[in-house]
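Here the structure comes first, spelled out in structure tokens, and everything after it is commentary.
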Amino acid sequence: MTGDTETMGSPAVSGAVPEHVAIIMDGNGRWAEARGQARHAGHRAGVQSVRSTIEECIQHGVKVLTLFAFSSENWRRPKTEVNMLMELFLSALQREVKRMQSNDIRLRVIGDISAFPEKLQKRIRESEDKTRDNKRLVLQIAANYGGRWDITETARKLAAAVQSGELTPDDINEELFARSTALGDQPDPDLFIRTGGELRISNFLLWHCAYTELYFTPVLWPDFDAAEFRKAVAEFGSRQRRFGKTGAQLESAR
Ligand code: IPE
Ligand code: IPE
Ligand code: MG
């Protein structure tokens with residue numbers, strides 16, 4: 001049966017901590033421009049918010065954190081900005097992998113990395129391999145990621161498996177489809193956060209956010225500190241996740 005709550009996680013009660021948090025880290029450019037600085041300065045300043053968010057996730061017992069770092073549409077930006085973002089990604093990977101090892105963090109990069117410079121692709125694969133067995137937090141960086149790309153890729157992979165006789169069309173269900181997306185066995189996000197004030201999803205995790213709690217804040221990403229993260233988690237804890245049921249049904253099951 002489709003739409004079964006089993007495939008969507010169990011209803012959360014008040015005060016619950018999200019298992020998976022997904023964030024659109026937006027507002028870096030405006031943060032820099034407001035200070036009369038180049039947009040690059042905003043991207044660099046955002047790295048500190050990434051660090052504090054990772055620490056907060058560990059403190060709260062969040063198991064999976066997915067950060068939108070570069071969308072499939074961000075190639076449309078000026079070449080200098082795109083290049084700067086690639087360099088920032090490369091240097092952050094170089095620097096942070098040691099820290100991930102000592103904090104038991106597993107890195108996964110989701111998105112079409114084949115479009116990146118060879119050196120960056122190699123560094124991504126090495127970092128993923130080194131941290132593969134870490135258990136405390138799964139840190140997923142969405143890079144050259146698009147929700148529509150992910151769904152299309154999944155459909156293409158499953159179609160190829162049917163063509164080769166590995167699967168029949170009847171084998172394809174929501175569970176197999178979900179497992180075949182870039183998130184693989186990771187759970188759907190429980191809490192989605194977008195900083196920077198825009199009220200849109202910008203082609204992030206389209207398949208996976210079907211039942212995610214959405215949280216939007218005007219705070220620009222470089223200003224999104226531990227206190228802001230805690231506000232989002234507290235707001236999540238105050239929501240009643242019904243997954244199609246009635247509030248009374250959830251109350252009587254408590
Ligand atoms: C988000 O900040 C970072 C990336 C898209 C890489 P922006 O660069 O979009 O910042 P604003 O939205 O222009 O302020
Ligand atoms: C979304 O932010 C992508 C990332 C944060 C990486 P954008 O700033 O690119 O989104 P739009 O274009 O305003 O929707
Ligand atoms: Mg933006």
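Scope of the values below: all heavy atoms of this structure, side chains included, with no hydrogens, waters or symmetry mates. We count ligands from 1, going down the list as the structure has it; atoms in each ligand are counted the same way. Position 1 is the first residue of the sequence, and the numbers go up from there. Here the structure is a predicted model, which is why all the values come from computation and not from measurement.
The distance from ligand 2 to the heavy atoms of Ile24 drops below 4.0 Å at these ligand atoms: 1 (C), 5 (C). Less than 4.0 angstrom separates some heavy atom of Phe70 from each of these atoms of ligand 2: 6 (C). Close approach to Arg200 involves these atoms of ligand 2, each under 4.0 Å from a residue heavy atom: 11 (P), 13 (O), 14 (O). Of all the atoms in ligand 2, the ones that sit under 4.0 Å from a non-hydrogen atom of Arg77 are 7 (P), 8 (O), 9 (O). Listed by number with element, the atoms of ligand 2 under 4.0 Å from a non-hydrogen atom of Asp26 are 2 (O), 8 (O).
Only the side chain of His43 comes within 4.0 Å of ligand 1, judged by heavy-atom distances. When heavy-atom distances to ligand 1 are checked against a 4.0 Å cut-off, Ala69 comes that close only through its backbone atoms N, CA, C and O.
Ligand 2 does not have Arg30 within reach: every non-hydrogen atom of the residue lies 4.0 Å or more from it. Within the 4.0 Å heavy-atom shell around ligand 1 one finds Arg39. Not a single heavy atom of Gly196 lies less than 4.0 angstrom from ligand 1. Proximity of Glu198 to ligand 2 is not established, as no heavy-atom distance is less than 4.0 Å. In this structure, Arg76 has no heavy atom closer than 4.0 Å to ligand 2.
Within the 4.0 angstrom cut-off, atom 12 (O) of ligand 2 has no protein heavy-atom neighbours.
When hydrogens are left out, the protein atom nearest atom 14 (O) of ligand 2 is Ser202 OG, 2.6 Å; that is the closest non-hydrogen contact. Ranking the protein heavy atoms by distance from atom 10 (O) of ligand 1 puts Gly29 N, 2.9 Å first. Protein heavy atom in closest approach to atom 1 (C) of ligand 1: Met25 O, 3.0 Å.
Using cut-offs of 30° and 60° on the angle between ring planes, the pair Tyr145 and Phe68 is perpendicular.
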Is there a side chain to side chain donor-acceptor pair (under 3.5 Å) between Ser71 and Asn74? Walk through the geometry before answering. CA-CA 5 Å; Ser71 77; Asn74 287 145; 3.2 Å; yes

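Under the 4.0 Å criterion applied to side-chain N and carboxylate O atoms, Glu128 and Arg108 are not assigned as salt-bridge partners. We find that Lys130 and Glu126 are not joined by a salt bridge, their nearest charged nitrogen and carboxylate oxygen being 4.0 Å or further apart. Ion pairing of Glu175 with Arg179 is present here, as a side-chain N (NZ or NE/NH1/NH2) and a carboxylate O approach within less than 4.0 Å. At a threshold of 4.0 Å, the pair Glu118-Arg125 counts as salt-bridged, since one of the basic side-chain nitrogens sits closer than that to a carboxylate oxygen. Using a 4.0 Å cut-off between charged side-chain N and carboxylate O, Arg30 and Glu33 make no salt bridge.
Phe192 pairs with exactly one of Phe216, Tyr215, Phe236 by the ring-ring contact (aromatic ring centres under 6.0 Å, His included) rule, that one being Phe216.
Shown here for Pro18 and Val21, the closest heavy-atom pair between the two residues is CG-CG2, 3.6 Å.
For Asp26, the N/O/S atom at the shortest distance from the Mg ion (ligand 3) is named OD1.
No side-chain N or O of Asp188 forms a donor-acceptor pair with one of Trp207 less than 3.5 Å apart.
Within a 6.0 Å radius of CG in Asp129, more than 12 heavy atoms belonging to other residues, nucleotides or ligands are found.
Looking at Asn28, Val82, Leu220, Asn74 and measuring to atom 2 (O) of ligand 1, the nearest heavy atom belongs to Asn28.
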